[in-house]
Amino acid sequence: MAKLESSFKNMVIALFGVTLIASAALGLVNDATIEPIAKAEMEKQTNAIAAVLTEFDSLGIAYKFLPSEGKDSIQIFPALNAEGEIISNAIKSYTYKGFSGYIEVMVGISNDGIISGYQVLKHAETPGLGSKMGLWFSNAEKPNQNVIGKSMSAGSLSVSKDGGSIDAITAATISSRAFLDAVNRAYSTINESGISTQKE
Amino acid sequence: MNQWKNFTKGFIKENPVFVLLLGMCPTLGTTGSAINGLSMGLATTFVLVMSNIVISLIKNLIPDKVRIPAFIVVIATFVTIVQMVMQAYLPALFESLGLFIPLIVVNCIVLGRAEAFASKNSVGSSAIDGIGIGLGFAFALTILGGVRELLGSGKIFNITIYPEQYGMLVFILAPGAFIALGYIIAIINRLNKQKA
């Protein structure tokens, strides 16, 4: 078959045909993947909640709360004991102060303000430096850098360079400050929302 | 050109990264570890093969003056398919490659092969050309990722070779990509010269 001539009509038809087929194909793939994508994201969130909380019976209804400081609302997942009382909360906190901007951290905080665990959900920190925060702050052998088990009720956490009690990641103080900022935000949000301390 | 030569040229003689120096953005950006380099290479290979096949099928139906936009639409379609499938079934990988997956659309290797090869050759040779060049790209990215991962964090494919604290961090960061790439290109050039 000879090559089609570059007449106006041919060009319009060819481009229309190509885009039509392309969009139809994309529509089909989108239909096929939309469920697995939602499921994968859901699973990641559920896994993170389970990882940051210890000893809970069931999860309460998640809700969103807009803290007075900060522009985004924060999702809170209350964890219930067998009697249906809230014993701790998983808070999906964030900060924009990371070395490369946005960081999202799931933090588990019990009713008496003890951090039961955390998991970094999203970050773009430097590989090998700031990206270590996923493990650095949960190292049980290094009490000066471990935040798990620390109580938040005594005041917000800060790195030792700023006079705080937490050792920052070597060569990644900015990322460490950002991480603690997200953790502090989680605690202040849960305090502000008030529900964690209300016993019914 | 016979098909075997057509297939193997992408590996050494016309390796898109080490010899032609094409597609430098994903090469430098995604090779922080061997597994990232390999998966980026394989994603690009898939797009390259599929777009080569489709473009050589429709080459006579596309008028010359609009061939570039038509090619770009074909390539973008396959890239979006890769992106959605990866997000659905390999979410961890999708997160680590993130931004670079949509950037395959403007990868000059893919458009270059469409324009220089697929639009002039049969479907069969275009597919083989796509596989050859794509695997050459994947091979180059894996080597570069492996070198950087080994020197930077003492691991290859996450298997520890030596303790991480002796690693040279610079190789994980962007400047290390340039340094490692430069040395690899020098070695390849040396080998190619010896053969000639």
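In what follows, chains are A, B, ... by sequence order, proteins preceding strands, each numbered from 1. The figures that follow rest on heavy atoms only: side chains count, while hydrogens, waters and symmetry mates do not.
- Near-neighbour residues of residues 179-187 of chain B relative to chain A, defined by a heavy atom under 4.5 Å from a heavy atom of that chain, are none.
- Your options are B:Ile58, B:Val54, B:Val73, and the one with the most heavy-atom pairs under 4.5 Å with chain A is B:Val73.
- Residue with the most contacts toward chain B among A:Lys39, A:Lys44, A:Glu35: A:Lys44 (heavy-atom pairs, distance under 4.5 Å).
- Heavy atoms closer than 4.5 Å to chain A are found nowhere in B:Phe78, neither backbone nor side chain.
- In A:Lys97, the NZ atom is not crowded: 12 or fewer heavy atoms of neighbouring residues, nucleotides or ligands sit closer than 6.0 Å.
- Of all heavy-atom pairs between B:Ile81 and A:Val29, the closest is CG1-CG2, 3.8 Å.
- Options A:Ala32, A:Ala25, A:Ala22 differ in how many heavy-atom pairs under 4.5 Å they form with chain B, and the most are formed by A:Ala22.
- Taking all atoms of both residues into account, the shortest heavy-atom contact from A:Leu26 to B:Met84 is O-CE, 3.8 Å.
- In this structure, the portions of B:Ile62 lying under 4.5 Å from any heavy atom of chain A include both its backbone and its side chain.
- For the atom pair CG (A:Leu15) and NZ (B:Lys65), the distance works out to 13.0 Å, reported to the nearest 0.5 Å.
- In B:Phe171, the CZ atom is crowded: over 12 heavy atoms of neighbouring residues, nucleotides or ligands sit closer than 6.0 Å.
- Counting non-hydrogen atoms of neighbouring residues, nucleotides and ligands closer than 6.0 angstrom, the OH atom of A:Tyr96 exceeds 12 such neighbours.
- In this structure, CD1 on A:Ile37 lies 12.0 Å from CE on B:Met86, to the nearest 0.5 angstrom.
- The choice from B:Pro91, B:Ala70, B:Ala92 that makes the most heavy-atom pairs within less than 4.5 Å of chain A is B:Ala70.
- Proximity to chain A among residues 43-52 of chain B is not found for any residue, judged by heavy-atom separations below 4.5 angstrom.
- Between chain B and the options A:Ala14, A:Ser23, A:Ala171, A:Pro36, heavy-atom pairs under 4.5 Å are most frequent for A:Pro36.
- By the 6.0 Å contact criterion, CG on B:Leu90 is enclosed, its count of non-hydrogen atoms from other residues, nucleotides or ligands being greater than 12.
- Top candidate by heavy-atom pairs under 4.5 Å with chain A, chosen from B:Val74, B:Leu173, B:Asp64, is B:Asp64.
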